[in-house]
Structure formats: C-alpha cells, structure tokens
Protein chains: 2
Amino acid sequence: MQLSNTSQYAIRILAYITDKKDLGLINATQLAEALYIPYKFLTKIMAELVKADLVESIRGRDGGYKLSKSASEIMVDDILNLFNDSIKDEQCVLGIGFCNGLCKCALHDQWMEPKLLMQRMFRESSLEDIAGVGCKI
Amino acid sequence: MQLSNTSQYAIRILAYITDKKDLGLINATQLAEALYIPYKFLTKIMAELVKADLVESIRGRDGGYKLSKSASEIMVDDILNLFNDSIKDEQCVLGIGFCNGLCKCALHDQWMEPKLLMQRMFRESSLEDIAGVGCKI
DNA sequence: TATAATTACTACTAAAAGGTAGAATTAATA
DNA sequence: TATTAATTCTACCTTTTAGTAGTAATTATA
Ligand code: SF4
Ligand code: SF4
C-alpha cells in the first residue's frame, strides 16, 4: 500500500529541482547526492521525465535539467501517471473494482473516502505547492 | 498504491470461507474456482494462513479448511500483517517517514487523513464484518 | 581541435512478486 | 489394504521492479 520506489524518487527529484530552480540548471550528480538516489537509476528516471516533457535537459558540458513548464502547472498526479501509479476511479481494495452499488463488500464504502482524499492530494498538489515548504528531502 | 495481489487474494479467500462457514469444510479446489485464483498459488497462500493460525486445515480425503477462530476475531489487518502489507504509523508517501513536525513536505498533512482512514478500515473490519454483505466476490 | 563534463542509449544483473509442477503426506472408505 | 481425495513441501519458472555498467552523443571552453 504505497507508491513504487520509482514514483517516490521522481516526486522528490522534481520537488528538489523546483526548489532550486532559481539557481539555474541542476545536474544528475547533484540530484543523486542530495537525494540519496543511486546515480545510474536517477539518470534513467530523468530520461523518462524528459521524454514525458516534465523536464527539459541540456546536454553536454555545463548541462543539466530544469522544469519544462511552470511548477504550478505540474501536478503530482502527472508524475504518478508516468509510472502507472495514479489511483484510478475504479480501483478497489480487493482488486475487483466492478462490483456495482447493489452488490458491494463491506470495505467498499470505507474505501471511497481515503481513495478520494489521495486522488485529490495527488491531483491538486503541484510542484509549486510541495516544494519550498519544510525540509527538501 | 494498492495491496499486493497476495493480500487481496487472502482477504477474499477468508471472506469467502467465513461466508460459507456453516456448510462445513471448504477445500482448495472450491476456493480456486469460486474466486478465480490459480489453484497452485491458492494452496501456497492457504499454507501460510494455516501457519499463521488464521485457518485450520484438515488433511486427507474429505479434508479442507475452516477458520481457526471466530470470524469476529480476525481483522483484515491481521491478514495484511502476514504479507507485509499493513500500513505502519510512520509510513510516508515519499518513502522517507522520519521528517519531524518542524520540517515537513506539503504532502505530509494531506497524507495523515487517508492513512488513518485506511488503517482504521483494516484494523477495525473483521471477517464477520466483510463477509455476508453484498456480493461474495 | 582536444578535453572534460554532461545527458542518452543499450544492455545487463539482482531481488521481489507472482505463479507452476510434481511428489510426499495424510486420512476416509470401499 | 488399496484407492482416492485432500493438504503440504520443495523446487522451480516467469514477470516486474530495482539497480548497474559501459559507451555513445553532445556541448562549452581552453
Ligand atoms: S464491493 Fe468490495 S470488492 Fe467490490 S468493488 Fe467495492 S471494494 Fe471492491
Ligand atoms: S514531511 Fe513529507 S517526506 Fe517527510 S515524512 Fe512527512 S510526508 Fe514523508
């Protein structure tokens, strides 16, 4: 019952980039060291973020990464979507998901609320929101 | 962001056994067919449930499974604990978990509520509660 | 133009989760 | 006692996730 390692890394990476965005480009070495993410694994994730156009990369010497759009336009859920970790409306605690209202288990109604709260948390929190507050992780 | 396949199976299995408990023992073949769980995988899970003393098994011809205690005494969270799927208090969305109150990210407070609701749902729902209501999955 | 610092690409390895196969064990009953 | 229907055990296979290695491509600058 938690996000994949990759999604967690990606969120932390983007939050960190957002936080440092006024200092210019930030490179993979800096990210890996600051966030304690294995360098090689991080560069792999970065390539996906670039491909998904959340991040822009500048190659070559003095290169690095920066956000490809404003931090307020990138939602946490956009990141989760990349790694198939977004919570779908029909997702069910027991992996069924298609029981209708007349025929539901006792977890059904109890699951609606936390699910909705998490969906909202991910969909309505932008990088702008999560960076710059508290510790940078 | 969902329970492991194994945990989902285990919950459904136990709910089904609870639901049918007055009809006597139920065997692996019946469970596998009713719940669309691969037979061989199911028997592996059953062995774990027996070892954890949630289920009692009777071997040999006419054998099968039954709950080892009253359905109201087995909580969904007991099942999740077996498969390391229970939600710990310190669990954090970003896999950190040790940030203190002074230094927290913007997801921290938003995460508290769904986490608590899920913990409660799992800890306070017994097999008695989830079986016998609505469809049997 | 050579060098150094950077990202991108390809391919592999390791660990965990999910699933399968077959034989051993147990017990009812014909 | 032989048969049959059940669980248990051991070992393996497959898929997914996590992580690593090496090299190619790119670019600033000395
Ligand atoms: S009733 Fe239960 S099993 Fe069916 S979709 Fe709702 S939560 Fe899932
Ligand atoms: S502040 Fe954020 S990263 Fe730290 S424990 Fe809370 S949710 Fe996790």
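Each chain gets a letter, A, B and so on, in the order its sequence line appears, and its residues count up from 1.
Considering only side-chain N and O atoms, B/Ser57 lies nowhere under 4.0 angstrom from the phosphate OP1 or OP2 of D/dA6. One finds no side-chain N or O of B/Thr29 lying less than 4.0 angstrom from the OP1 or OP2 phosphate oxygen of D/dA5. Phosphate proximity of C/dA17 to B/Asn5: absent, as no side-chain N or O sits under 4.0 Å from OP1 or OP2.
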ask   = What string of B, S and - do you get for nucleotides 20-30 of chain D 5' to 3' if you count protein non-hydrogen atoms under 4.0 Å?
value = BBBB-BBBBS-
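The two residues B/Ala28 and B/Tyr65 have their closest heavy-atom pair at N-CE1, 4.0 Å. In terms of heavy-atom proximity, A/Leu107 sits nearest to A/Val93 at CB-CG2, 4.4 Å.
Taking 4.0 Å as the cut-off between side-chain N and carboxylate O, A/Asp89 and A/Arg123 count as a salt-bridged pair.
What separates CG of A/Asn84 from P of D/dT16 is a distance of 11 Å, to the nearest Å. Rounded to an integer number of Å, the gap from CG of A/Leu49 to P of C/dC9 is 13 Å. Rounded to whole Å, atom C1' of C/dA5 lies 13 Å from atom CG of A/Leu25. Atom pair B/Phe83:CZ and C/dG19:P shows a separation of 13 Å (rounding to whole Å applied). Separating the CG atom of A/Leu31 from the P atom of C/dA5 is a distance of 18 Å, rounded to the nearest angstrom. When the C1' atom of C/dT6 is taken as reference, atom CD of A/Gln30 falls 11 Å away, rounded to whole Å. Note: CD (B/Glu56) to C1' (D/dT7) measures 13 Å, nearest angstrom. Rounded to whole angstrom, the span from the CG atom of A/Asn27 across to the P atom of C/dA4 amounts to 18 Å.
Within residues 73-81 of chain A, no residue places a heavy atom under 4.0 Å from DNA chain D.
Under the 3.5 Å distance criterion, with hydrogens and angles disregarded, a donor-acceptor pair is assigned to the side chains of B/Ser70 and B/Ser72. The closest side-chain donor-acceptor pair between B/Gln110 and A/Ser125 falls under 3.5 angstrom.
Looking at B/Ser7, its side chain never comes within 3.5 Å of a backbone N or O of B/Leu3 through a donor-acceptor pair. In this structure a side-chain-to-backbone donor-acceptor pair under 3.5 Å is missing from B/Thr18 to B/Ala71.
Atom NZ of B/Lys88 sits in a sparse spot, with 12 or fewer heavy atoms from other residues, nucleotides or ligands closer than 6.0 Å.
Grouping the Ile, Leu, Val, Met, Phe, Trp and Tyr side chains by contacts below 4.5 angstrom, directly or via other members, places B/Phe41 with B/Leu82.
Note on A/Tyr9: only backbone sugar-phosphate atoms sit closer than 4.0 angstrom, heavy atoms only; bases stay farther off. Nucleic acid contact class of A/Thr43 (heavy atoms, under 4.0 Å, all strands): none.
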